[in-house]
Amino acid sequence: MRELLQKKYIYLDVDLHTREEVFHFISKESFKLGLAENQIAVGRSLAEREEQSSTGLLDGIAIPHAISADIKVPAILFIRAKEGVTDWQTIDNSQVKQVITMLVPKDGEQEHLQTLADLSGELVDEEQRKKLAACLSVDEVYDFLNQNDNSR
């Protein structure tokens, strides 16, 4: 995952209250970082995927993802909201506070969606979700998300 997640892709204590605000933030940042050519297309792709079924998991974690020809560089963005996002459906009805977003170029779907599947599989474990929530700095989040699966 190290090639997909950089420290500059980690945002902590962001003032976001709705899923739409989160998607707008992701779209804007992906464009600013040079990951995507069209921020509107990224936002649309995130929203379209979410319409299929919610990407909200347990304990305030969501894993939205976008697949688009407008995404030029595959990446993972991590966003922690200051407060819970109120309108994101989750399995346990918790408010989403941590968002792990996968941005995937149209031609790299299979390769990168396996990374997303692996990550979401790990977050099924309650202990892993607690460890992620306990990460207080960009460095801690980065190190946690990049740990070798065997060392967790």
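For this chain, numbers begin at 1 and follow the sequence in order.
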[X] and [Y] ion-paired at < 4.0 Å:
{"X": "K7", "Y": "D139", "value": "yes"}
{"X": "K130", "Y": "E127", "value": "no"}
{"X": "R129", "Y": "D59", "value": "yes"}

### Message
What I'd like to find out is whether the side chain of E83 reaches to under 4.5 Å of the side chain of H17, using heavy atoms alone.
### Response
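The answer is yes; the side chains approach within 4.5 Å.
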### Task
Flag the pair L145 / I10 as yes when at least one side-chain heavy-atom distance between them is below 4.5 Å, and no otherwise.
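When only atoms from C-beta onward are counted, I10 and L145 do not touch, as no gap falls below 4.5 Å.
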Okay, side chain of [X], backbone of [Y]: is any donor-acceptor separation there less than 3.5 Å?
{"X": "D87", "Y": "R19", "answer": "yes"}
{"X": "S27", "Y": "F23", "answer": "yes"}
{"X": "T101", "Y": "I26", "answer": "no"}

### Task
Please determine which of L16, D15, V14, V85 meets the side-chain contact (heavy atoms from CB on, under 4.5 Å) test together with E21.
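With E21 as partner, L16, D15, V14, V85 yield a single side-chain contact (heavy atoms from CB on, under 4.5 Å), made by L16.
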Which heavy atom of [X] sits nearest a heavy atom of [Y], and at what distance?
{"X": "L58", "Y": "S94", "answer": "C-OG, 4.2 Å"}
{"X": "G56", "Y": "W88", "answer": "N-NE1, 3.7 Å"}
{"X": "K28", "Y": "Q39", "answer": "CA-OE1, 3.8 Å"}
{"X": "I71", "Y": "A66", "answer": "CD1-O, 3.5 Å"}

How long is the span from the [atom1] atom in [X] to the [atom2] atom in [Y], to the nearest 0.5 Å?
{"X": "L12", "Y": "L136", "atom1": "CG", "atom2": "CG", "result": "9.0 Å"}
{"X": "L103", "Y": "L33", "atom1": "CG", "atom2": "CG", "result": "9.5 Å"}
{"X": "R80", "Y": "L132", "atom1": "CZ", "atom2": "CG", "result": "6.0 Å"}
{"X": "Q6", "Y": "Y142", "atom1": "CD", "atom2": "OH", "result": "7.5 Å"}
{"X": "I76", "Y": "M102", "atom1": "CD1", "atom2": "CE", "result": "4.5 Å"}
{"X": "L46", "Y": "T55", "atom1": "CG", "atom2": "OG1", "result": "8.5 Å"}

### Task
Check step by step if side chain to side chain contact (heavy atoms under 4.5 Å, CB included) holds for V99 and F78.
CA-CA 6 Å; V99 178; F78 178 89; over 6 Å; no
### Task
Step through it carefully: locate the ring centre of Y11, locate the ring centre of F25, and say whether they are under 6.0 Å apart.
yes
### Task
Quick one: do E29 and Y9 satisfy side chain to side chain contact (heavy atoms under 4.5 Å, CB included)? Show the steps, please.
CA-CA 9 Å; E29 291 303 310; Y9 301 167; over 6 Å; no
### Query
Looking at residues at least two apart in the chain, or sitting in another chain, which of them share a side chain to side chain donor-acceptor pair (under 3.5 Å) with S54?
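Counting only residues at least two positions away or on another chain, S54 forms a side chain to side chain donor-acceptor pair (under 3.5 Å) with E50.
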### Message
For V96 and I61: C-alpha separation, side-chain torsions, deciding distance, then whether side chain to side chain contact (heavy atoms under 4.5 Å, CB included) applies.
### Response
CA-CA 5 Å; V96 169; I61 297 175; over 6 Å; no
### Query
Near I40 CD1, under 6.0 Å, is it more than 12 heavy atoms from other residues, nucleotides or ligands?
no
### Summary
Across all chains, not counting sequence neighbours, the side chain to side chain contact (heavy atoms under 4.5 Å, CB included) partners of K72 are E37
#### Entry: Stepwise side chain to side chain contact (heavy atoms under 4.5 Å, CB included) test for V42 and L35
CA-CA 10 Å; V42 172; L35 303 172; over 6 Å; no
### Message
Listing request: all ring-ring contact (aromatic ring centres under 6.0 Å, His included) pairs with a residue in residues 30-55, at least two apart in sequence or in separate chains.
### Response
none
